[in-house]
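These numbers come from a predicted model, not from an experiment.
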Amino acid sequence: MTDKATASKSIDTARRTWNKEEFAAKAKEKDQEERERMKENEERLKKGKKPRRFREELPKATELLKQREGPLELDKNQNKTMIIQNPGGRGPGQPGYFCEVCNRTSKDSAAYLNHINGRAHLRRLGQTTTIARSNIEQVRARIAFLREKTREAANAKAFDFDQRLKEIREKEEAERQAAKERKKAEKEAKRIEIVQTIDDGSGDVDMSSMMGFAGFGTSKK
């Protein structure tokens, strides 16, 4: 009984608690800002100006712009047939490129690139649009990495060329062996046919002529 009570107490203390007064104050403040915005828009419309749009408060940036580590894979669904799971709503399942961070779908790759490189997307990631300056050690490390990558690509290309040349030679050798076997089979078939003709006794003249014997008689008259 004591163990159950202790477990229940530990579970209760691990639950997340909510401050209702704090959330109520935030909701009240948000409603007040919305009323002020609507009132301001009414005054702007009376003056012939465009209404002010609602601007979402983006989180503050905590770090500089970082380089993307993984590929975007913009062509992973190219030439593929896909089933649209959410044709009339918002979120994933629609045709296009979906951004999970902003819960937004772009219709094409160009719009998607503009979005992920935009200020709003970067702010949601906690980054600014300012690029960090690289020091001399980072530049040297990058140059060494690119050199190694180029060397590996060259070695792979040379290996592929040697492998291809080896395959071509093996194919030519196989074709020559097949031609030899075919000629050998044809000669064997002809030999068997000649032997069968001799056994029948009907091809003595033909056989002697094929072997170069015109006859065994004398040339005297």
Side-chain angles (χ1 to χ4, degrees), residues 11 14-16 53-188:
I11 293 174
R15 290 178 180 175
R16 186 175 182 181
R53 295 183 178 180
F54 172 75
R55 293 184 179 180
E56 181 183 359
E57 294 184 2
L58 299 175
K60 293 183 179 180
T62 58
E63 54 187 359
L64 297 177
L65 182 63
K66 289 184 177 181
Q67 182 181 1
R68 281 189 288 268
E69 297 179 355
L72 295 177
E73 297 181 351
L74 298 177
D75 56 347
K76 65 178 181 179
N77 295 326
Q78 187 175 4
N79 299 327
K80 293 183 180 179
T81 302
M82 300 180 62
I83 299 176
I84 301 176
Q85 300 177 356
N86 187 14
R90 300 186 61 182
Q94 296 187 32
Y97 299 87
F98 178 71
C99 176
E100 297 181 356
V101 178
C102 305
N103 192 21
R104 176 179 175 180
T105 302
S106 303
K107 298 302 180 181
D108 51 26
S109 59
Y112 181 71
L113 285 175
N114 291 334
H115 167 69
I116 61 178
N117 293 328
R119 177 176 174 273
H121 179 81
L122 294 175
R123 285 287 296 274
R124 288 187 176 91
L125 293 176
Q127 301 178 13
T128 64
T129 55
T130 305
I131 302 175
R133 293 181 61 86
S134 301
N135 53 31
I136 186 65
E137 296 298 331
Q138 293 176 342
V139 173
R140 289 175 179 174
R142 185 63 179 176
I143 293 175
F145 170 75
L146 293 176
R147 285 179 177 175
E148 184 65 22
K149 190 174 181 181
T150 304
R151 188 181 299 108
E152 292 178 356
N155 294 336
K157 186 176 181 181
F159 173 77
D160 293 341
F161 176 76
D162 296 339
Q163 183 69 20
R164 180 60 178 166
L165 185 61
K166 182 180 178 181
E167 292 177 356
I168 293 174
R169 289 176 178 175
E170 291 178 354
K171 185 177 179 181
E172 291 177 350
E173 183 65 23
E175 291 178 352
R176 283 195 295 267
Q177 292 294 334
K180 289 181 180 180
E181 294 294 334
R182 187 167 57 253
K183 290 180 179 179
K184 185 177 180 181
E186 291 176 356
K187 289 181 179 180
E188 184 67 19

Minimal non-hydrogen separation, [X] against [Y], with atom names:
X: Ile116; Y: Arg68; result: CD1-NH1, 3.9 Å
X: Leu65; Y: Gln127; result: CD1-OE1, 3.5 Å
X: Leu122; Y: Asn117; result: CD1-O, 3.9 Å
X: Leu74; Y: Tyr97; result: O-OH, 3.1 Å
X: His121; Y: Val101; result: CE1-CB, 3.9 Å
X: Thr130; Y: Leu64; result: O-CB, 3.7 Å

**OP:** For Thr105 and Tyr112, run side chain to side chain contact (heavy atoms under 4.5 Å, CB included): C-alpha distance rounded to whole Å, both residues' side-chain angles, the deciding distance at 0.1 Å, then the answer.
**Re:** CA-CA 8 Å; Thr105 302; Tyr112 181 71; over 6 Å; no

Original post:
Does the pair Glu148/Arg151 count as a salt bridge with the N-to-O cut at 4.0 Å?
Top reply: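 Result for this pair is yes, salt bridge flagged.
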
Original post:
Is the shortest distance from a Lys or Arg side-chain nitrogen in Glu173 or Arg176 to a carboxylate oxygen in the other one below 4.0 Å?
Top reply: yes

**OP:** Start with the C-alpha gap between Glu181 and Lys184, add the side-chain angles, then the distance that decides, and say whether salt bridge (Lys or Arg N to Asp or Glu O under 4.0 Å) holds.
**Re:** CA-CA 5 Å; Glu181 294 294 334; Lys184 185 177 180 181; 5.4 Å; no

Original post:
Near Glu100 CD, under 6.0 Å, is it more than 12 heavy atoms from other residues, nucleotides or ligands?
Top reply: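 Not buried by this count: 12 neighbours or fewer within 6.0 Å.
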
**OP:** Might you confirm whether atom CD1 of Ile131 has over 12 heavy atoms from other residues, nucleotides or ligands at distances under 6.0 Å?
**Re:**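 At most 12 heavy atoms, drawn from other residues, nucleotides or ligands, come within 6.0 Å of this atom.
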
Distance from [X] atom [atom1] to [Y] atom [atom2], nearest 0.5 Å?
X: Arg119; Y: Arg124; atom1: CZ; atom2: CZ; answer: 10.5 Å
X: Arg182; Y: Glu175; atom1: CZ; atom2: CD; answer: 9.5 Å
X: Lys166; Y: Arg169; atom1: NZ; atom2: CZ; answer: 10.5 Å

